[in-house]
J.: 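Right, I'll just put the structure down here and ask away after.
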Amino acid sequence: MKTKNEILRLVEEEDVEFIRLQFTDMFGSIKNVAVTAGQLPRALENRYLVDGAALYGSLRRGEEDMYLHPDPDTFTILPWRPQQGKVARLLCDVCRADATPCMADSRSILKRVVAGTQQKGYTFLVDPECEFFLFHTDENGIPTTVTHEQAGYMDISPLDLGENARRDMVLTLEEMGFEIEASHHETAPAQHEIDFKCARACKTADSIMTFKTAVRSIAKRHGLHATFMPKPRAGVAGSGMHMTIQLFEDGKNLFADPEADNGISARAKWFMGGVMAHARAMCAVTNPLVNSYKRLNSGFEAPRDIIWTTRSLNTLIRIPSARGEQTGIELRFPDPSANPYLALAVCLAAGVDGMEKRMEPGAEAAFRFEERTEAEKAAAGIRQLPGTLWEAVLCMEEDPFMNQVLGSDFVRLYVEAKKAEWNDYMSQVSEWEVEKYLYRM
């Protein structure tokens, strides 16, 4: 762990002039206050005040001033900023004057959930897969959904026109301390994926926020716009944020059992059972946009049925083929628009709830299950994820589990904001509606 004195020494040695004190609001947007190097000692003493309303997005609640508590381990120099008079950043928790976390601080929510799992002796590692699109901008620099490429899954140049940008992203992330495992073109034209090494839950969430900032910044250098919108174009695959979770106790992978069916333990099945039991309510967090449900309802290997398998890709949960100490559970429904702190908090809490209550996930989905009709699925008792953001928000509002994990005040405000977002969407008239009905009705 870095100490405050080490950070001050690095700032002086590296000629850092500005430090960005960054925190994440309720809805996953990163916020930023820049201070000069001369103000850094004050910031490191947790004495920097911000308007608490910044945590609440469009709600603009919380008039109380809050204090930023920088996490020394998150200090990093931003490679895409000037190399003379450098810019660094610190990720912060947002706290009240008495040092207690603000109820709207999502990073603190995840830390609280992780602390609870650690008290039980558990250590979770999370391996995220963040997909994104690279689109052109217009002559004014405004993002579009235009791309000139037709590359597909794992295609290379010259089909993959984003290869150079993606390479620069990887090099930049490595310079910031990421261990990049792989990068490649994804299924849809202009869609990409960069995978980094698994880590503990809080570090993974921090890394996802840093990843998004770095990817957007490097894309802009290439005259492109990087978007983590789940479904920016119809007729092609959307972007997911699949998360493979491993559970350890005293260095042993608790999801592994070589003597059991499929090599997965009873704990692994109970963990899946917990996620499946709470999945509908969790979607308001893991799939938080109106647009999120355009991905979930469109096929292209996006999950809709609440089932698990060791084979098929378009299920809620998949068990990857690695076994033994590499055994993990892949959650395929979250998307990259989610606030990663909240998404990981509810996913881990749901899994632990399943283990404590020994929730069975049911039998593995049958081969080619996706080819069954909706009537056949319903007859088999298979539930589905919500079809819209509105449905997801109602599920969240009604589930005591979500209030327990996130806090009732947080859920109340989150639901209020998402209902307003849905109502705003419903008040719009789309081009599809005009084309479909204007001349016929």
Side-chain angles (χ1 to χ4, degrees), residues 27-29 128-135 143-145 147 151-153 184-195 208 211-212 215-216 225-244 275-276 279-309 312-318 330-340 342-344 346-347 369-370 374 377 382-396 418 421-422 424-426 428 430-432:
F27 308 104
S29 294
E129 299 176 12
C130 293
E131 297 170 346
F132 58 94
F133 282 83
L134 292 177
F135 291 128
T144 72
T145 56
T147 179
Y153 190 58
H184 60 87
H185 196 282
E186 256 296 340
T187 305
Q191 188 183 34
H192 303 266
E193 179 177 314
I194 298 175
D195 300 329
I208 291 171
F211 175 86
K212 289 182 177 181
V215 165
R216 290 190 185 109
H225 175 70
T227 180
F228 294 91
M229 181 179 177
K231 188 76 171 179
R233 299 181 73 191
V236 297
S239 290
M241 185 174 68
H242 305 157
M243 296 190 297
T244 300
V275 172
M276 293 167 70
R280 286 176 54 79
M282 290 160 55
C283 273
V285 164
T286 58
N287 307 84
L289 306 183
V290 170
N291 182 257
S292 296
Y293 299 85
K294 304 293 178 71
R295 165 183 170 254
L296 292 177
N297 291 317
S298 64
F300 296 101
E301 297 182 354
R304 183 75 197 282
D305 300 311
I306 302 179
I307 54 178
W308 70 277
T309 183
S312 178
L313 295 179
N314 63 338
T315 55
L316 188 86
I317 297 173
R318 184 178 74 94
E330 181 185 41
L331 309 184
R332 297 184 57 81
F333 60 106
D335 71 50
S337 69
N339 180 331
L342 298 182
L344 278 171
V346 297
C347 288
F369 178 89
E370 62 276 9
E374 295 302 314
K377 293 176 183 178
I382 301 301
R383 298 186 305 150
Q384 291 188 325
L385 295 176
T388 64
L389 177 62
W390 178 263
E391 186 182 352
V393 168
L394 293 181
C395 291
M396 177 185 193
K418 288 301 173 180
E421 185 175 336
W422 174 260
D424 185 38
Y425 166 70
M426 290 301 292
Q428 307 302 312
S430 67
E431 290 184 12
W432 182 91

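Keep in mind the model is a prediction, meaning the values are calculated, not measured.
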J.: Nearest heavy-atom pair of R304 and N297: which atoms, and what distance?
T.: NH1-OD1, 2.9 Å

J.: Taking all heavy atoms of A151 and all of H185, pick out the closest pair and write down the distance.
T.: O-CE1, 3.3 Å

J.: Check whether K294 reaches the backbone of A234 with its side chain - one donor and one acceptor, N or O, closer than 3.5 Å.
T.: no

J.: Any sub-3.5 Å donor-acceptor pair from K231's side-chain atoms to L296's backbone N or O?
T.: no

J.: With rounding to the nearest 0.5 angstrom, report the CG to OH distance, N291 to Y425.
T.: 9.0 Å

J.: Measuring from atom CZ of F211 to atom CG of D195, what distance do you get when rounded to the nearest 0.5 angstrom?
T.: 8.0 Å

J.: How about I317 and E330: do any of their side-chain heavy atoms sit closer than 4.5 Å?
T.: no

J.: On a heavy-atom basis, which atom in F135 and which in A190 lie closest, and how many Å separate them?
T.: CE2-CB, 4.2 Å

J.: Identify which one of D335, T388, N287 satisfies the side chain to side chain donor-acceptor pair (under 3.5 Å) criterion when paired with S292.
T.: D335

J.: Would you say the side-chain atoms of R216 pair up with the backbone N or O of T227, donor to acceptor, closer than 3.5 Å?
T.: no

J.: Quick one: are V275 and W308 in side-chain contact, heavy atoms under 4.5 Å?
T.: no

J.: Please examine the side chains of M241 and E129, heavy atoms only from C-beta on, and report whether any two atoms are closer than 4.5 Å.
T.: no

J.: Work out which heavy atom in E131 is nearest to a heavy atom in P336; give both atom names and the distance.
T.: O-CG, 3.6 Å

J.: Given side chains that start at C-beta, do those of L289 and L389 come closer than 4.5 Å, heavy atoms only?
T.: no

J.: Which heavy atom in I306 sits nearest to a heavy atom in L316, and how many Å separate them?
T.: CG2-CD2, 3.8 Å

J.: I'd like to know whether T147 forms a side-chain contact (heavy atoms from CB on, under 4.5 Å) with L134, so could you lay out the CA-CA distance, the side-chain angles of the two residues, the decisive distance to 0.1 Å, and finally the verdict.
T.: CA-CA 8 Å; T147 179; L134 292 177; over 6 Å; no

J.: Atom CD1 of I194 and atom CD of E186: how far apart are they, to the nearest 0.5 Å?
T.: 11.5 Å

J.: Counting heavy atoms not belonging to E431, are there more than 12 under 6.0 Å from its CD?
T.: no

J.: Hey, are the side chains of P334 and M243 touching, using non-hydrogen atoms and a 4.5 Å cut-off?
T.: yes

J.: With a 4.5 Å limit on heavy-atom distance, are the side chains of T187 and F300 in contact?
T.: no

J.: Examine distances only and state if a side-chain atom of R332 and a backbone atom of G240 form a donor-acceptor pair shorter than 3.5 Å.
T.: no

J.: In terms of ring plane angle, is the pair W390 and W422 parallel, tilted or perpendicular, where the classes change at 30° and 60°?
T.: tilted

J.: With distance as the sole test, does K212 use its side chain to make a donor-acceptor pair with the main-chain N or O of S337 at under 3.5 Å?
T.: no

J.: Can H242 and L331 be said to form a side-chain contact (heavy atoms from CB on, under 4.5 Å), step by step?
T.: CA-CA 6 Å; H242 305 157; L331 309 184; over 6 Å; no

J.: Check the pair M396, M282 against side-chain contact (heavy atoms from CB on, under 4.5 Å), reporting the backbone distance first and the verdict last.
T.: CA-CA 7 Å; M396 177 185 193; M282 290 160 55; over 6 Å; no

J.: Could you tell me how the ring of Y153 sits relative to the ring of H184: parallel (under 30°), tilted (30 to 60°) or perpendicular (over 60°)?
T.: perpendicular

J.: Report the C-alpha separation of F228 and V215 in whole Å, then their side-chain angles, then the decisive distance to 0.1 Å, and conclude whether the side-chain contact (heavy atoms from CB on, under 4.5 Å) test is met.
T.: CA-CA 10 Å; F228 294 91; V215 165; 4.0 Å; yes

J.: Find out whether P288 and K418 are in side-chain contact, i.e. whether some heavy atom of one side chain is under 4.5 Å from a heavy atom of the other.
T.: yes

J.: Has Q191 got a side-chain atom pairing as donor or acceptor with G238's backbone, closer than 3.5 angstrom?
T.: yes

J.: Which pair of non-hydrogen atoms, one from S239 and one from F133, has the smallest distance, and what is that distance?
T.: OG-CE1, 3.3 Å

